[in-house]
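I have placed the structure first, in the form of structure tokens, so that the comments after it can refer back to it.
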Amino acid sequence: MSDTEHDHDFTTGDSGAAATYPKQCSAIRKNEFVMIKGRPCKVVEMSTSKTGKHGHAKVHMVAIDIFTNKKLEDICPSTHNMDVPIVKRKEFQVLSVNDDGFLSLMDLETCDTKDDLRLPDGELGDQIKAAVEKDDNGILVTVVAACGEEAILGMKNMPNKD
């Protein structure tokens with residue numbers, strides 16, 4: 001067979017990486033991620049009911065949206081599949097905070113800069129801004145990405161290289 005018989009074009013409109021994958025409801029555990037009402041969530045409570053007259057044990061899940069911190073609930077037959085979001089965490093060094101509230105971040109592995117994330121609201125945003133103004137020796141923020149969304153969900157001081 002020649003190579004030309006296998007020239008398939010698999011180009012799609014996106015990167016080709018799926019944002020979620022299926023997992024059987026009964027295999028999902030506390031502190032894992034799951035999609036509820038189209039939102040990426042972290043499971044905080046789970047309970048399973050006994051098999052009813054229709055033959056399925058049901059799993060009741062309580063989860064927190066990883067970006068909005070809203071509590072969501074779902075009930076699913078234990079044998080059904082649920083979507084599990086692919087969640088990526090990465091640390092970036094904070095270079096500066098712009099006047100319009102966006103952060104200038106640097107990827108420590110590639111040294112690329114990232115300027116499209118806004119300072120988070122509330123206490124975390126205040127802590128980051130104060131640390132930048134105080135000009136600490138370096139602040140790392142944890143950026144969590146899932147389902148096309150990104151948010152800064154944590155910060156810490158960079159370790160000293162002594």
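Everything numeric in this text was worked out from a predicted model, so none of it was measured. Counting begins at 1 with the first residue of the sequence.
With sequence neighbours excluded, the residues that form a side-chain hydrogen bond (donor to acceptor under 3.5 Å, both in side chains) with H60 are E73. Every residue two or more places apart in sequence or in another chain that forms a salt bridge (charged side-chain N to carboxylate O under 4.0 Å, His left out) with K23 is listed here: E32.
Atom CG of D116 is surrounded by more than 12 heavy atoms from other residues, nucleotides or ligands within 6.0 Å. Counting heavy-atom neighbours within 6.0 Å of E45 CD, excluding the residue itself, gives a total of 12 or less.
With hydrogens and angles ignored, the 3.5 Å screen pairs no side-chain donor or acceptor of R118 with any backbone N or O of A151. A donor-acceptor distance shorter than 3.5 angstrom exists from the side chain of S78 to the backbone of A57, with no hydrogens or angles considered.
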**OP:** Might you work through the side chain to side chain contact (heavy atoms under 4.5 Å, CB included) test for V94 and L105, ending with a clear yes or no?
**Re:** CA-CA 5 Å; V94 178; L105 306 172; 3.9 Å; yes
**OP:** Decide yes or no on side chain to side chain contact (heavy atoms under 4.5 Å, CB included) for D115 and F102, but give the supporting numbers first.
**Re:** CA-CA 7 Å; D115 300 303; F102 283 88; over 6 Å; no
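Under the 4.5 Å side-chain heavy-atom criterion for ILVMFWY residues, no single connected hydrophobic cluster contains both V144 and V84. Cluster membership check: I139 shares its hydrophobic cluster with L117, using side-chain heavy-atom separations under 4.5 Å among Ile, Leu, Val, Met, Phe, Trp and Tyr. Under a hydrophobic-cluster definition in which Ile, Leu, Val, Met, Phe, Trp and Tyr are linked whenever side-chain heavy atoms come within less than 4.5 Å, directly or via other members, L153 and V141 are assigned to different clusters.
You'll find the side chain of K42 stays beyond 4.5 Å of the side chain of V87, heavy atoms only. T142 is not listed as a side-chain neighbour of I152, based on a closest heavy-atom distance of 4.5 Å or more. In this structure, I128 and P120 have side chains that are in contact, with non-hydrogen atoms separated by less than 4.5 Å. By the 4.5 Å heavy-atom criterion applied to side chains, D74 and K37 are not counted as neighbours. Using a 4.5 Å heavy-atom threshold, the side chains of M35 and C147 count as touching. V43 has its side chain out of reach of R29: every pair of non-hydrogen atoms, C-beta onward, lies at least 4.5 Å apart.
Between K90 and E150 there is no salt bridge, since no side-chain nitrogen of the basic residue lies less than 4.0 Å from a carboxylate oxygen of the acidic one.
Closest approach of L72 and R39 over heavy atoms only: CD1-CB, 4.0 Å. In terms of heavy-atom proximity, P85 sits nearest to Y21 at O-CE2, 4.5 Å. Closest approach of F92 to V143, counting heavy atoms only: CD1-CG2, 3.5 Å. The shortest non-hydrogen separation linking V132 to V97 is CG2-CG2, 4.0 Å. Nearest heavy atoms, M155 versus A131: CE-CB, 4.1 Å. Residues M82 and C76 approach most closely at CG-SG, 3.8 Å, considering heavy atoms.
Distance CG/L103 to NZ/K129: 10.0 Å, rounded to 0.5 Å. Here CD1 of I36 is found 6.5 Å from CE of M61. Values are rounded to the nearest 0.5 Å.
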